[in-house]
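A quick write-up on the structure given underneath.
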Amino acid sequence: MGSIVLFGPPGAGKGTQAQRIMEHSGLPQVSTGDMLRAAVKAGSKVGVEAKRYMDEGALVPDSVILALIKERMLEPDASGGVMFDGFPRTIPQAESLSELAEISHVLAIDVPDERIVERICGRVACGNCGAVYHDSFNPVPSSGCTCGKYDEKRRADDNETTVRKRLEAYHQQTAPLAAWYTARGLFHSVDGDRDIPAITADLLALLE
Ligand code: AMP
């Protein structure tokens, strides 16, 4: 198996599913959103530039993203393939990716727009272990996160105004990748408007 692309709108559950698939496949998760948030937190040059776009719910320029990905793919753990989460998001990104890694599956998680806003607006993560929860749909256990050191984190861009802009960017710039990958015989989609384990089961079946 080569690398996998997890595809879908913001809030589809790509990060949640990436963690669950990682337990089965061993492929490391490569999330450009997580890499950008780390750069913003560190106050690096990339972080300062990216933050303007992220706060607006717009896509960060391809050149910035591709520089990050090229560097990440040089790390030893990427040599056996990775699971991309939130990348590629434009046709030029996909074109460059095809020169950097062999993609064996593009797995799309379908969630209708009207469900996205409610899903994103209650989203919360544990800053200690990265587990993703949702206030209504997947609450943090009453005993706290399973890692034992719950550290509640909410994303600055998980608010309704920004989510609507992120959805617009998705439809205009990212959704055309579905046809691009279909033409290459790599695209598969699952209904993402269901329980988390049901979605994982379908994704794992597609990988077998
Ligand atoms: P995510 O965590 O994937 O929802 O990404 C959060 C934000 O980071 C997005 O709204 C974009 O501003 C930026 N971003 C993440 N990945 C990419 C990408 N592949 N291309 C452009 N912008 C990205």
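As the structure lists them, so they are numbered: ligands from 1, and atoms in each ligand from 1. Values reported hereafter were calculated over all heavy atoms of this structure, with side chains retained and with hydrogens, waters and symmetry mates removed. In this text, all values refer to a predicted model and were calculated from it rather than measured experimentally.
- Using a 4.0 Å cut-off between a side-chain N of Lys or Arg and a carboxylate O of Asp or Glu, Arg194 and Asp202 qualify as a salt bridge.
- Using bins of under 30°, 30° to 60° and over 60° for the plane-to-plane angle, the ring pair Phe7/Phe187 lands in the perpendicular bin.
- Connection of Ile69 to Ile103 is established within a shared hydrophobic cluster, with ILVMFWY side chains joined at heavy-atom distances below 4.5 Å, either directly or through further cluster members.
- Around ligand 1, the residues contributing at least one heavy atom under 4.0 Å from the ligand are Thr32, Gly33, Leu36, Arg37, Met54, Ala58, Leu59, Val60, Ile65, Gly86, Phe87, Arg89, Gln93, Arg155, Asp157, Arg166.
- Ring geometry, Tyr150 versus Tyr133: the interplanar angle exceeds 60°, so the pair is classed perpendicular (tilted spans 30 to 60°).
- Once rounded to the nearest 0.5 Å, the distance linking NZ of Lys165 with CD of Glu160 reads 12.0 Å.
- Using a 30° and 60° split on the angle between ring planes, Phe87 and Phe84 fall in the tilted class, from 30° to 60°.
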